[in-house]
*Asks:* 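This is the structure I have questions about; it appears just below.
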Protein chains: 2
Amino acid sequence: MVLSHTAEDYLEQIYLLSLRLGMVKTSDIARELGVRTPSVISALKLLKNRNLVHYERYGAVTLSEKGLERARDVYERHKTIYRFLRFILGIDDEIASEDACGMEHFVSPKTLAAMKDFFAFLAWKKSQGLDIQSELRAFRKRGSHIPGGSITMTSESPEAQPLSAGKDNVLYTIVKLGGERGVKRRLLDMGVIPGETVKIQNRGPLGFPLEIVIQGYVLTLRKDEAEAVTVREA
Amino acid sequence: MVLSHTAEDYLEQIYLLSLRLGMVKTSDIARELGVRTPSVISALKLLKNRNLVHYERYGAVTLSEKGLERARDVYERHKTIYRFLRFILGIDDEIASEDACGMEHFVSPKTLAAMKDFFAFLAWKKSQGLDIQSELRAFRKRGSHIPGGSITMTSESPEAQPLSAGKDNVLYTIVKLGGERGVKRRLLDMGVIPGETVKIQNRGPLGFPLEIVIQGYVLTLRKDEAEAVTVREA
DNA sequence: GCCCCGTGTTAGGCCGCCCTAACAATATCA
DNA sequence: TGATATTGTTAGGGCGGCCTAACACGGGGC
Ligand SMILES: [Mn+2]
Ligand SMILES: [Mn+2]
Ligand SMILES: [Mn+2]
Ligand SMILES: [Mn+2]
């Protein structure tokens, strides 16, 4: 069932209110979501058409079976993200909750599962005597450092070449990206962007993959990716 | 400047296309965002009114100074989340990019900064000989386990009491949440929900905070939080 | 120069989501 | 019970975001 993220928020809030108050009124929903009651009413009509809530004029709002299922699902996402932000990244209560309520509508099942795995992983490491959470907290407290130092930007003349033909430890400026759609998108996502400066810092045993440094991050590029990147000596 | 998340996506895409192709046409944007050209045109009108793009009929689309700044900001969020999902949580390329493009509009500066700190932390640990990334990968590969084992659910009679007055290692069913708004929200976010079963597993030196187990997670409740939770022996 | 065709734009419509103002139902209390 | 205060609903409107259909422009072939 395709559902807008506002619709999901209404479901989520009805669910929470029913847990907290037992009976849910339109005004409660409005107060909680920060909208006016007429907005709630039309949202309820939409949800009712999709058989997600039961609602009659002047009556209480309740979730249908389907609605309850969906609401629980939304809230499960909310809680997982909230915990992740709060207990792993160390974000404040309020902000973690806000961010979670925004992101919950866009997180894939795989990402969600990975977050849960991460909790399990930390618990396991802790049982082995390594408390990553508190190490991270301490690390952030004493001021964090970007690894590898940042790279200076330049832009000048010599001839363009694919990064795959580049030499180690030379600064290159990225001129252009080629390759097919998927490759291009991945490169951009990783920060491999025209104008940026890049350095090959290491490489695999057969010459590839390349380990490059860009914007202070270390990335690994496969051969096809490195060929798609046109650079010029910086 | 308040901007809808679709508007941000248009800016982001114009930015990326200008990097990739040099000149941006309405049809490019439409293709890339999966919408029809008239939708692009009206989006461009909106962005132009807000002085974020330059655009004349039949002309090329370019970002204004403000628009470029915003586009870079959006894309910075995208990249950071993408990298986090991909390189820390181990999410596949495609899904990481999709999730990132959804979440980028809802992530707070603090959360973003924390993600970057996390990279730095991992790099630091790595420089100390501990490769958390690959440990996590291995951990996930061999099948992850929820820590502490899950807790059985029950629901029966005896008298209700605040969790703050509960005994250690006894299973309680949560009956009701009290306390003020903020406390309540935080409790719900953490999974402290009526109907769930909870156990006090440990406590601070002065009796508080309580370390509780709920839904297989370990949480810490301050005194005011524990007082807001009404429970009954399970 | 004219016609054709592709591409880009306008026109107009639908839906989601929000609002205020007016109105209807219900609760309160003399 | 009737007058009044509170609460909930309808009416109506605005904006964002998407669509299809119709129209306008501009370059290439003749
Ligand atoms: Mn939400
Ligand atoms: Mn939420
Ligand atoms: Mn996006
Ligand atoms: Mn994006």
Side-chain angles (χ1 to χ4, degrees), chain A residues 1-14 17-18 20-63 67 70-71 74 98 101-102 104-106, chain B residues 1-14 17-18 21-63 66-67 70-71 74 98 101-102 104-106:
Chain A
M1 165 117 277
V2 53
L3 220 49
S4 73
H5 75 100
T6 34
E8 281 201 335
D9 278 338
Y10 278 100
L11 285 181
E12 182 187 34
Q13 205 50 244
I14 294 166
L17 285 167
S18 69
R20 275 167 46 182
L21 309 175
M23 145 177 261
V24 183
K25 293 178 295 178
T26 53
S27 54
D28 298 327
I29 303 172
R31 180 171 23 77
E32 218 60 26
L33 289 180
V35 298
R36 301 293 173 148
T37 47
S39 310
V40 175
I41 305 239
S42 55
L44 287 175
K45 282 176 182 160
L46 185 149
L47 293 173
K48 190 178 176 182
N49 283 338
R50 287 168 171 57
N51 294 309
L52 294 164
V53 302
H54 302 302
Y55 167 64
E56 298 302 332
R57 295 192 342 153
Y58 298 99
V61 181
T62 54
L63 292 167
R70 181 67 175 249
V74 177
E98 244 175 72
C101 211
E104 70 194 358
H105 312 287
F106 301 91
Chain B
M1 163 118 282
V2 54
L3 218 49
S4 74
H5 76 98
T6 33
E8 282 201 335
D9 278 337
Y10 277 99
L11 286 180
E12 181 188 34
Q13 205 50 244
I14 293 166
L17 284 167
S18 69
L21 309 175
M23 144 177 259
V24 183
K25 293 178 294 178
T26 53
S27 55
D28 297 328
I29 304 172
R31 181 172 23 77
E32 218 60 26
L33 289 179
V35 299
R36 301 289 171 150
T37 46
S39 310
V40 175
I41 305 237
S42 54
L44 287 176
K45 282 177 181 160
L46 186 149
L47 293 173
K48 190 179 174 180
N49 283 338
R50 287 168 172 56
N51 293 311
L52 294 163
V53 302
H54 302 302
Y55 168 63
E56 298 302 332
R57 294 191 345 151
Y58 298 100
V61 181
T62 53
L63 293 168
K66 271 174 57 189
R70 181 67 174 249
V74 176
E98 244 174 74
C101 209
E104 70 195 359
H105 313 288
F106 300 92

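Below, read A as the first sequence line, B as the second, and so on, with proteins coming before strands; counting in each chain starts at 1. Note that the structure is predicted; figures quoted are calculated from it, not measured.
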*Asks:* Does OP1 or OP2 of dG16(D) have a side-chain N or O of K45(B) closer than 4.0 Å?
*Replies:* no

*Asks:* Could you pick out which residue, Y58(A) or S27(B), lies toward the 5' side of DNA chain C when each is mapped onto its nearest nucleotide?
*Replies:* S27(B)

*Asks:* I want to check one thing: is the phosphate of dG8(C), taken as OP1 and OP2, less than 4.0 Å away from some side-chain N or O of R31(B)?
*Replies:* no

*Asks:* Using heavy atoms to find the nearest nucleotide of DNA chain C for R57(A) and A7(A) separately, return the residue whose nucleotide is more 5′.
*Replies:* A7(A)

*Asks:* Roughly how many Å is it from CG in D28(A) to C1' in dT7(D), rounded to a whole number?
*Replies:* 12 Å

*Asks:* Rounded to whole angstroms, how far apart are CG on L44(A) and C1' on dG16(C)?
*Replies:* 14 Å

*Asks:* If you check every side-chain atom of V35(A), which of dC19(C), dG8(D), dG16(D) has the closest atom?
*Replies:* dC19(C)

*Asks:* Report yes if at least one side-chain N or O of Y10(B) is closer than 4.0 Å to OP1 or OP2 of dG16(D); otherwise report no.
*Replies:* no

*Asks:* Send over the distance from Y55(A) OH to dT10(D) P, rounded to a whole Å.
*Replies:* 7 Å

*Asks:* Enter the distance from L17(B):CG to K25(B):NZ here, rounded to the nearest 0.5 Å.
*Replies:* 10.5 Å

*Asks:* Using heavy-atom distances to pick each residue's nearest nucleotide on DNA chain D, tell me which of S4(B) and T26(A) is more 5'.
*Replies:* T26(A)

*Asks:* Is any side-chain nitrogen or oxygen of T37(A) closer than 4.0 Å to OP1 or OP2 of dT9(D)?
*Replies:* no

*Asks:* Does the R50(A) side chain pair with the main chain of L3(A), one donor and one acceptor, at a distance under 3.5 Å?
*Replies:* no

*Asks:* Per the side-chain contact (heavy atoms from CB on, under 4.5 Å) rule, which among E8(B), R31(B), E32(B) passes with Q13(B)?
*Replies:* E32(B)

*Asks:* Taking atom C1' of dG16(D) as reference, at what distance in whole Å does atom CG of L11(B) sit?
*Replies:* 15 Å

*Asks:* In this structure, how many angstroms lie between the P atom of dT7(C) and the NZ atom of K25(B), rounded?
*Replies:* 8 Å

*Asks:* Using 30° and 60° as the class limits, which term best fits the ring planes of F106(B) and H5(B): parallel, tilted or perpendicular?
*Replies:* tilted

*Asks:* In whole angstrom, what separates L46(A)'s CG from dC17(C)'s P?
*Replies:* 6 Å

*Asks:* Please report, rounded to the nearest Å, how far the P atom of dG17(D) is from the CG atom of N49(B).
*Replies:* 13 Å

*Asks:* Where the side chain of P38(B) is concerned, which of dC19(D), dA24(C), dC19(C) is the nearest nucleotide?
*Replies:* dC19(D)

*Asks:* Should S39(A) be listed as having a side-chain N or O under 4.0 Å from OP1 or OP2 of dC17(C)?
*Replies:* no

*Asks:* Could you tell me whether the side chain of K66(B) and the main chain of N51(B) form a donor-acceptor pair under 3.5 Å?
*Replies:* no

*Asks:* Let me know the distance between NE2 of H5(A) and P of dC17(C), rounded to the nearest Å.
*Replies:* 8 Å

*Asks:* Want to settle it: does R50(B) or G34(B) sit nearer the 5' end of DNA chain D, counting the closest nucleotide to each?
*Replies:* R50(B)

